[in-house]
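A quick write-up on the structure given underneath.
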Number of protein chains: 2
Amino acid sequence: MIFGFNGDQIYVLLIDRENQLKNVISEYALPGNLIRDDENLDMAAERVLKELTGLSVIYLEQFGAFGDPDRIKKKEDQPWLKAVRSIPNARVITVGYYSLIRMSDYELNPSSFAKNAKWMPLNSIKKLPFDHLKILNSSIEFLRSNTKIKPIGFNLLPEKFTLNQMLKLYEAIFNKKIDNRNFRRKIINLNILDKLEEKQSGVAHKPANYYKFNKKRYETYLESGFFKFEF
Amino acid sequence: MIFGFNGDQIYVLLIDRENQLKNVISEYALPGNLIRDDENLDMAAERVLKELTGLSVIYLEQFGAFGDPDRIKKKEDQPWLKAVRSIPNARVITVGYYSLIRMSDYELNPSSFAKNAKWMPLNSIKKLPFDHLKILNSSIEFLRSNTKIKPIGFNLLPEKFTLNQMLKLYEAIFNKKIDNRNFRRKIINLNILDKLEEKQSGVAHKPANYYKFNKKRYETYLESGFFKFEF
DNA sequence: ATTACTTAATGTCATAATAACGCTTTAACA
DNA sequence: TGTTAAAGCGTTATTATGACATTAAGTAAT
């Protein structure tokens, strides 16, 4: 699950399976790949992410394992299984990871796999092949409950951001309106933001101040306690 | 991970591998088994739990997947892999589930597998084979953060319990002293306990009142919100 | 130069939740 | 009847929360 944010809504990176299955109409699915014998789960997730986006050192966290047995019958639907010719009816277990990336930083990696990758607004995704919708929903739930205890949202924002951008992100994650005054107070009190000198420019209104995430200060806090992030 | 509570500390059910490996001194490991082709992950976890404890309809939740590649070299250390003769060097991915069971309800199931099962105090477990210690620690972390948002502790207590028993359980889970007066107030205010008529007997002091968990009321609350359980 | 327009930024107050305590009450046993 | 161990009640200071309305700072239009 690769989440992105464009300042307004949450996006998810999907892969068009069309190229791999000529006889099926264009259909988007979650990215994924088989694990190699010489890597652990985290490494595999990092590799797949890198193959797709060209990005590394990204927030990446496991959120669950999935594996219904009826997948066995569907080998022909799972392009990546074609590589495993030695196993006639492979049972597939998916280990789900989610990553949060800055869409602004993101450039599609010109690898063959990534050519047919596409950002889709989270809210517009109503159907996905296999159990991918279940996986998607599970990852969102995980993202939400994680956001309640850690300020992970920073990974989705640009390096410098305004408090309103951040507010919009949180509204997108929790899918509800949040009072901006209370939000500001809470975020500021956490003491993990540095207010920059720089302001927005070229806007036809009062420019917003830019802030930056102070990771060092954040880690100090983490050791000595526990965040609560509820809105 | 099978957690139990005896009124004083948290226990974990371990399996003695001795019977399976004659040339190794007695060594305890986490219970586990291979998944079957016709079951999903949840079903497999339930089955293994049932094989071990004879219990079903137990609190059971997935907490993570684990799989370092160096396991490949250790097939001879993994008794259950002997069943898979067709795969010379099987890569093993563990999907971890944890369950909470009432030690009082528990009777060792007289199956061959369970004969060498043993309850071990959580705090006394300093070393386990393979990556089992990592898995154990991960499950405890999961148990803690889960206990902070849901009152899952009831699954570890007997049907009828006193508030002090419950307090002791929470102290064991979080590994710290909790003020009993504040604890009581908080728990009572949640409104998910039924105070019974029955009291403790045979104690040389004021007997404690028994309480019972009201699951129905709890579920009503769940729908309309979210628990917070911090001490 | 003035005004209009748009979004950023800020303050207060009532209420609820929390943590840290002290003290009294109770029932069983010796 | 006294002792004991825990139950049970209560207070207070502090902090967190939610609800709410106005002013500030820039650009654009006239």
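Letters go in sequence order (proteins before strands), and every chain restarts at 1.
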Are A:Phe213 and A:Tyr218 an aromatic pair by the rule of ring centers under 6.0 Å? yes

Taking only the side-chain heavy atoms of B:Asn164 (C-beta and beyond), determine which of C:dT6, D:dA6, D:dA28 contains the nearest atom. D:dA6

Nearest whole Å is fine: how far is C:dT26 P from B:Lys206 NZ? 7 Å

Which nucleotide in the set C:dT6, D:dA5, C:dA9 lies at the smallest distance from any side-chain heavy atom of A:Ala208? C:dA9

DNA chain C contacts made by residues 178-187 of chain A, counting heavy atoms under 4.0 Å: A:Asn180, A:Arg181, A:Arg184, A:Arg185

With sequence neighbours left out, write down each residue that passes side chain to side chain donor-acceptor pair (under 3.5 Å) with A:Glu61, or none if nothing qualifies. A:Tyr59, A:Asn146, A:Lys150

Over 60° means perpendicular and under 30° means parallel, so classify the ring planes of A:Phe174 and A:Tyr170, tilted if in between. tilted

Would one find more than 12 heavy atoms of other residues, nucleotides or ligands at under 6.0 Å from atom NZ of A:Lys212? no

Separation of A:Asn209 atom CG from D:dA24 atom C1', in whole Å? 13 Å

Starting at atom CG of A:Leu163, determine the distance to atom P of C:dA9, rounded to an integer number of angstrom. 6 Å

Nearest-Å distance, CZ (B:Phe161) to C1' (D:dA7)? 16 Å

In terms of the nearest nucleotide of DNA chain D, which residue is placed more toward the 5' end: B:Lys195 or A:Pro207? B:Lys195

